[in-house]
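Right, one structure below, let's go through it.
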Amino acid sequence: MARFFFILNKNIDNQRLSYLKKNIFRSSNKTLLQNENKSNKIFNYLLFNNKRNDSNFFENDEYLCIMDGAPHIKTTLFSANDFIDALIKKNLRNFLNKLNGGFVGLVYNKKDKTIFTFRDRFGLKPIYIFHKNNLIIISSQTDYIRIYLNNKIELNNKYILRYAYCNYKAIYGREETIYRDIKIQKMSSLYLFKNNKILKSTYWNLNQDVKINNFSIAENSNNLNHIFENMIHNYMSINKGKKLAVALSGGMDSGLISGLLNKYYAPPNAVSLTYHEDSEFNEEKLILESVKKNINNWTEFKLKPETLLKDLDSNFYKFLDGPLATISIYGYHYLFKSASDAGYELLFTGSGGDYIQSGNYTNYWYYLADLFFNKDKIFKKELDLWIKYHSTSEFPKTKKIFLNEINDKVNFKKYGKLLKQNLVFDKSIINRDLFNNFSFLKSSVVKNYGTYLRSFMMQEYVYDAVAPGVEAEDTMEWLNNISLQSPFFDKEIAEFGWSLPSDLKIKNGINKYLYRKVFKDILPSKIVNRTAKSGFNAPFDQWSRKELKEFILDIFSSNSFKQRFFYDYKNFMKLVDSHMRNENNYMMLIWQALNLELWLRDKNI
């Protein structure tokens, strides 16, 4: 793990750089200042690692390269010098297109004062850009830019209000950040800074012109087996000698990573986040199924509400760039810290597996929309099975409900086109005095990728599923001295999922159809045969009504909270009161309102 800060300007404030350096040192007890520039007055940089690393920095008389992550092709890891070589050979775009893994970085050409910045294909690592008044700063955290600028930077009010009012899916994946003049580079992108302008290009995408494959089930099964076998060999090769574990949930994806490791190597160690509360989100029983079948040594870390309360009440956001999207991401922080304290250097995660096999519940809507639009003869059968397997008392399923919902999600006049979503928790909480037009609250959507299910697959990659976590998780890796790798984001896996027929993703009302068929022997039967998906979440709804209630209400009744005027306060507190009386569940609204206030306080804003 690394942190970096690069600045290009004729008037560099070395005193501010010195202050920033001290701040980064304080963020991690294993911080090592590996490289800094003390001689050049036009550009400067700081590079920190949590242990000695000679691969993520290279400098000579002509070029400088700084990078972070684990870029690799098959079993070969690449270094900063390799990015410079690719640039010199005019092959940088093609080189980036071949790489797997999460990574970011920059190459600076000292002679012509041009900068190339790059980000991995799914944006698993963030890189931030400040470009204003002939000042260019490129950093692994927005907080470093804020500190260097001595807090003289404006907040992005529209971003803040989306966070305050909306489900997290309306917030992330855009170029904007919580600061008006700091942007996050797009995934799969290469930027060129030249003559005070930024030229942006994309080096990879999933092309809508790629046809769905017409292979047999047997052929697709063989291809999937081959791709996953190569994947697990590649990741074990590049991480040889590291103490690693699987971040194990009760789902199929981390269970599959465990099963593949057990099949081709040896039973791996695993760590899991669990809770004392008996809630639908506690996957401990399913986790134990994977443990019995595939795990050598399993350690569970039970998150308690008292731990969360202590963190939130103790400058939790001091080193984080923004308020956390969900309670789940706090859970990852606790898991990372606990795993690091247990001596692990690396965690393999199952993240990314859902997207190639329509693993998230919302995929059913778009699969059924495709069948409905095309008047497919299996629509009624799949709709009936969707109702049978996924209807609950809280969220009932009927054909009428499907038609009402899907008309708000897709454009039936343009096949494959998704609609922007209104994800406001409740319109009554909006303070109408802040803006005349609140259309900016609507979610962003991807372009049309030919079918509704394909478009939604890209929606998950770009906005809904990947982006909300990566910014905080990247910093949490640094703070806790541990690395994450998610093999299911490999190019070969994503492109296989892109060409896979829909009926091998969802069939007979069950998702991940091909996964279940191909890997049934290395996954626990209770997980393979399970139709529900609970998700990875802490029982914040319960905690907010009990152990955290007093803390939450104290924050919401404070002058600081009231005087920000984000909410129609009277209506906001009606919803909070309804939640506390267990009449409704507004835990996501309460989480976001609480953490926005705490973040602003910890930044002295």
Task: Leu244, Val246, Val271 screened by side chain to side chain contact (heavy atoms under 4.5 Å, CB included) with Leu347, the one that passes - done: Val271
Open item on the list: Just checking Lys158: does its NZ atom have more than 12 heavy atoms from other residues, nucleotides or ligands closer to it than 6.0 angstrom?
Closed with: no
Task: 4.5 Å side-chain heavy-atom contact, Ile257 and Met231 - done: yes
Task: Pairs flagged by salt bridge (charged side-chain N to carboxylate O under 4.0 Å, His left out) wherever residues 258-272 is involved - sequence neighbours left out - done: none
Task: Donor-acceptor contact below 3.5 Å, side chain Asn35 vs main chain Leu47 - done: no
Task: Residues that Asn584 engages under side chain to side chain contact (heavy atoms under 4.5 Å, CB included), provided they are two or more places apart - done: Ser578, Tyr586
TODO: Hey, could you give me each pair passing side-chain hydrogen bond (donor to acceptor under 3.5 Å, both in side chains) that has a residue in residues 588-598? Not counting sequence neighbours.
DONE: Tyr317-Asn595, Ser560-Glu597, Arg564-Glu597, Glu597-Arg601
Task: Side chain Asn480, main chain Ile482, donor-acceptor under 3.5 Å - done: no
- [ ] Hey, could you give me the CG/CG distance between Leu161 and Asn157, rounded to the nearest 0.5 Å?
- [x] 6.5 Å
- [ ] Quick one: list whatever passes side chain to side chain donor-acceptor pair (under 3.5 Å) with Ser428, sequence neighbours left out.
- [x] Asp426
Task: Asp181 and Arg146 ion-paired at < 4.0 Å - done: no
Task: Test of ring centre spacing under 6.0 Å for His390 and Phe395 - done: no
Task: Leu17 side, atom CG; Tyr148 side, atom OH - distance, nearest 0.5 Å - done: 5.5 Å
TODO: Would you list the pairs meeting ring-ring contact (aromatic ring centres under 6.0 Å, His included) in which at least one residue belongs to residues 336-359, sequence neighbours left out?
DONE: Tyr355-Tyr461
Task: Partner set under side chain to side chain contact (heavy atoms under 4.5 Å, CB included) for Ala593, not counting sequence neighbours - done: Phe556, Phe561, Tyr567, Phe572
Task: Presence of salt bridge, Glu345 and Lys51, under 4.0 angstrom - done: yes
TODO: Using the test side chain to side chain contact (heavy atoms under 4.5 Å, CB included), find all partners of Ser544 that sit at least two apart in sequence or belong to another chain.
DONE: Phe540, Ile552, His579
Open item on the list: Once ring pair (Phe, Tyr, Trp, His ring centres under 6.0 Å) is applied, do any residues pair with Phe228, and if so which ones, sequence neighbours excluded?
Closed with: Phe488, Tyr515, Phe519
Open item on the list: Check whether Ser314 reaches the backbone of Lys310 with its side chain - one donor and one acceptor, N or O, closer than 3.5 Å.
Closed with: yes
Task: Phe489 and Phe122 aromatic ring geometry - parallel, tilted or perpendicular at 30°/60° bounds - done: tilted
TODO: Report, as yes or no, whether the 6.0 Å neighbourhood of atom CD on Glu550 holds more than 12 heavy atoms from other residues, nucleotides or ligands.
DONE: no
Open item on the list: Within this structure, what is the OH-CD1 distance for the pair Tyr364 and Ile510, rounded to the nearest 0.5 Å?
Closed with: 5.5 Å
- [ ] Show your reasoning for whether side chain to side chain donor-acceptor pair (under 3.5 Å) applies to Asp602 and Asn315.
- [x] CA-CA 6 Å; Asp602 285 354; Asn315 297 107; 3.2 Å; yes
TODO: For Asn363 and Asn511, run side chain to side chain donor-acceptor pair (under 3.5 Å): C-alpha distance rounded to whole Å, both residues' side-chain angles, the deciding distance at 0.1 Å, then the answer.
DONE: CA-CA 9 Å; Asn363 284 271; Asn511 61 7; over 6 Å; no
Open item on the list: Determine whether a donor-acceptor pair (N or O, by modelled atom type, separation under 3.5 Å) exists between the side chain of Tyr163 and the backbone of Leu324.
Closed with: yes
Task: Result of checking Asn297, Thr299, Asn296 against Asn269 for side chain to side chain donor-acceptor pair (under 3.5 Å) - done: Asn296
Open item on the list: Holding to ring pair (Phe, Tyr, Trp, His ring centres under 6.0 Å), I want the full list of residues that pass it with Tyr172, two or more places apart in sequence or in another chain.
Closed with: none
Open item on the list: So, taking the atom named NZ in Lys22 and the one named CG in Leu20, what distance separates them when rounded to the nearest 0.5 Å?
Closed with: 11.5 Å
Open item on the list: For Phe301 and Tyr334, take the angle between the two ring planes, folded into 0 to 90°, and tell me which bin it lands in: parallel under 30, tilted 30 to 60, perpendicular over 60.
Closed with: perpendicular
Open item on the list: Could you check whether any side-chain N or O of Ser254 sits under 3.5 Å from a backbone N or O of Ser249, counting only pairs where one atom can act as donor and the other as acceptor?
Closed with: yes
- [ ] Only counting residues at least two apart or in another chain, list the ones meeting side chain to side chain contact (heavy atoms under 4.5 Å, CB included) with Asp341.
- [x] Lys337
TODO: Report the C-alpha distance between Arg121 and Asp490 in whole Å, list the side-chain angles of each, state the deciding distance to 0.1 Å, and finish with yes or no for salt bridge (Lys or Arg N to Asp or Glu O under 4.0 Å).
DONE: CA-CA 9 Å; Arg121 76 182 73 252; Asp490 275 11; over 6 Å; no
- [ ] Using atom types as modelled and distance alone, determine if a side-chain donor or acceptor of Asp313 lies under 3.5 Å from a backbone N or O of Leu309.
- [x] no
Task: Partner residues of Tyr265 under the ring pair (Phe, Tyr, Trp, His ring centres under 6.0 Å) criterion, sequence neighbours left out - done: His233
Task: Arg16 side-chain N/O to Ile147 backbone N/O, donor-acceptor pair under 3.5 Å - done: yes
Open item on the list: So that I know where these two stand, are Phe48 and Phe25 an aromatic pair - ring centroids less than 6.0 Å apart?
Closed with: yes
Task: By side chain to side chain donor-acceptor pair (under 3.5 Å) - contacts of Glu471 (at least two apart) - done: Tyr128
TODO: Might you work through the ring-ring contact (aromatic ring centres under 6.0 Å, His included) test for Tyr235 and His72, ending with a clear yes or no?
DONE: CA-CA 9 Å; Tyr235 277 86; His72 64 277; 4.9 Å; yes
